[in-house]
Amino acid sequence: MTSRSRRAVLLLATAALALGSAAACGTSRVPGAVGSPGSAAGSDGSDGSARTVVNNGHRLVFHVTPGRLPAVVLDAGGGQDSSYWKDLAPALAKDTGAEIITYDRAGLGASEEVAGPWRVDDAVSDLAAVLTAAGATSHVVLASHSEAGEIATYFVRSHPGWVGGAVLIDASLPDFYTDGEIDRVVAANKDQVAALASQPSTPQTRQLLSVAQDYAAMHRAYHQASWPQDLPATVIASARTPFETSPQDAQLWRDAQAAFAHAAPDRDLVVADNSSHDVPLDRPDVVIRSVHAMLARTG
């Protein structure tokens, strides 16, 4: 992925306004149709077996590294698929001994596209389908990066008991999306969205445009969402935020991370020193330590 397209993913998926930055991030109906494991090597660093599940008519691909339960689910940020975890997944499995699950969200990696605007309820349903197919529906630990923080927030509300705790990695959190910030995002992305629409249609451009389609309404609703008070969470904040060229937005991002972490007693805030928004790539040690600690808390 080029730096320009990676910036577009970041802008549309995490509300970044740092147009000149090279930083990258690049309800539920659960079906029972589960395919058999495939033979292709897992690009996510799993044990090599790609599995499939069909949810609401589209096929999702996921990978499981066997280990102890509860499982750890690695959910990548906007525009990223399971290959984002190719180095961290095996290291995390070795360190914790836990089962590790990664997956490709609809329209990413090997999973099938879904036409129309991106809907968080659909993403939540897909995650539930993957966990059901993997046999991991109790006290899992979510490790959710960037845009996946939105999926995690809605998932834990709609699936009580499925998640024992979460590690939110420089995640998109509700406090960030004030009306003023949403308006700034929409205005900043207007020309970029128009440019994307004029480009040849590819899975990547279609995915970006689907995220942009109902961005304002979706994030005004997300601003009102809340995390369960009794569900443990560790917030890992990057040192540089997604907004390395925009001090105003960087501060709002930091404030949102801190506000979330301080809103309930069973939450922690960790700053990953010397990291960009891509904390899992820059500081995998911080992610591994946080997941290990969350497993100990929830086990």
Side-chain angles (χ1 to χ4, degrees), residues 27-34 46 51-56 60 62-76 82 85 89 92-93 96-106 119-169 171-175 221-222 224-236 260-269 287-288 290-299:
T27 16
S28 301
R29 183 176 70 84
V30 181
V34 182
S46 72
R51 308 183 189 182
T52 63
V53 60
V54 176
N55 187 44
N56 294 332
L60 298 162
F62 65 99
H63 308 267
V64 178
T65 301
R68 295 190 299 271
L69 297 177
V72 177
V73 183
L74 303 179
D75 203 352
S82 60
W85 307 105
L92 187 61
T96 65
E99 178 176 288
I100 309 297
I101 299 171
T102 62
Y103 73 110
D104 297 339
R105 292 200 297 274
R119 304 291 190 200
V120 70
D121 286 350
D122 294 337
V124 167
S125 178
D126 286 348
L127 177 55
V130 167
L131 296 187
T132 300
T137 59
S138 177
H139 293 90
V140 302
V141 169
L142 294 179
S144 305
H145 179 231
S146 195
E147 182 188 29
E150 300 181 28
I151 300 169
T153 300
Y154 285 104
F155 187 88
V156 298
R157 301 295 308 191
S158 59
H159 292 76
W162 287 40
V163 177
V167 177
L168 302 170
I169 310 164
S172 174
L173 297 174
D175 295 81
Y222 184 48
Q224 305 303 317
S226 62
W227 190 269
Q229 288 284 306
D230 59 350
L231 185 64
T234 296
V235 176
I236 301 177
F260 180 95
H262 297 150
D266 207 7
R267 301 182 194 175
D268 300 311
L269 178 64
V287 177
I288 290 171
S290 297
V291 171
H292 203 296
M294 185 58 67
L295 283 167
R297 289 167 68 178
T298 61

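This is a predicted model, so every value here is computed, not measured. Starting from 1, each residue takes its place in the sequence as its number.
- Between Ile151 atom CD1 and Asp121 atom CG the span is 11.0 Å, to the nearest 0.5 Å.
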(message) Using side chain to side chain contact (heavy atoms under 4.5 Å, CB included), reason through Ile101 and Val140 one step at a time and then give a plain yes or no.
(response) CA-CA 10 Å; Ile101 299 171; Val140 302; 5.9 Å; no

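- Arg105 places a side-chain N or O within 3.5 Å of a backbone atom of Ala76 that can act as its donor or acceptor partner.
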(request) Let me see the working for Ser226 and Arg157 under side chain to side chain contact (heavy atoms under 4.5 Å, CB included), right down to the final yes or no. (result) CA-CA 8 Å; Ser226 62; Arg157 301 295 308 191; 3.6 Å; yes

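- The two residues Thr65 and Ala93 have their closest heavy-atom pair at CG2-CB, 3.9 Å.
- The CD1 atom of Ile169 lies 7.0 Å from the OG atom of Ser144; values are rounded to the nearest 0.5 Å.
- Here the closest heavy-atom approach between residue Leu231 and residue Gly165 is recorded as CD1-N, 4.0 Å.
- For Arg68, there are no side-chain hydrogen bond (donor to acceptor under 3.5 Å, both in side chains) partners two or more places apart in sequence or in a different chain.
- For Tyr222, the side-chain hydrogen bond (donor to acceptor under 3.5 Å, both in side chains) partners are Thr153, not counting sequence neighbours.
- Using a 4.5 Å heavy-atom cutoff, the side chains of Phe155 and Leu131 are in contact.
- With rounding to the nearest 0.5 Å, the separation of CG in Leu173 from CD in Glu150 is 9.0 Å.
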(request) For His159 and Val124, run side chain to side chain contact (heavy atoms under 4.5 Å, CB included): C-alpha distance rounded to whole Å, both residues' side-chain angles, the deciding distance at 0.1 Å, then the answer. (result) CA-CA 9 Å; His159 292 76; Val124 167; 3.8 Å; yes

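- By the side-chain hydrogen bond (donor to acceptor under 3.5 Å, both in side chains) test, Asp104 is found to be paired with Ser82, residues two or more places apart in sequence or in another chain being considered.
- Separating the CG atom in Asn55 from the CG atom in Asp122 is a distance of 8.5 Å, to the nearest 0.5 Å.
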(request) Take Leu142 and Trp162 through the side chain to side chain contact (heavy atoms under 4.5 Å, CB included) test and state the conclusion after the steps. (result) CA-CA 10 Å; Leu142 294 179; Trp162 287 40; over 6 Å; no

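- When side chains are defined from C-beta on, Leu92 does not count as touching Trp85, because their heavy atoms never get closer than 4.5 Å.
- Here the side chain of Arg267 pairs a donor or acceptor atom with the backbone of Phe260 at under 3.5 angstrom.
- In plain terms, the two heavy atoms of Ser138 and Pro70 that are nearest each other are O-CB, 4.3 Å.
- Taking both residues in full, the closest heavy atoms of Asp230 and Pro232 are given as O-CD, 3.5 Å, listed atom of the first, atom of the second, then distance.
- A donor-acceptor pair under 3.5 Å links the side-chain atoms of Arg297 to the main chain of Asp266, judged by distance alone.
- One distance of note links CG of Asp75 with CG of Leu168; it measures 11.0 Å at 0.5 Å rounding.
- When all heavy atoms of Leu60 and Ala106 are compared, the closest pair comes out as CD2-N, 3.9 Å.
- The CG atom of Leu127 sits 11.5 Å away from atom CZ of Phe62, with the distance rounded to the nearest 0.5 Å.
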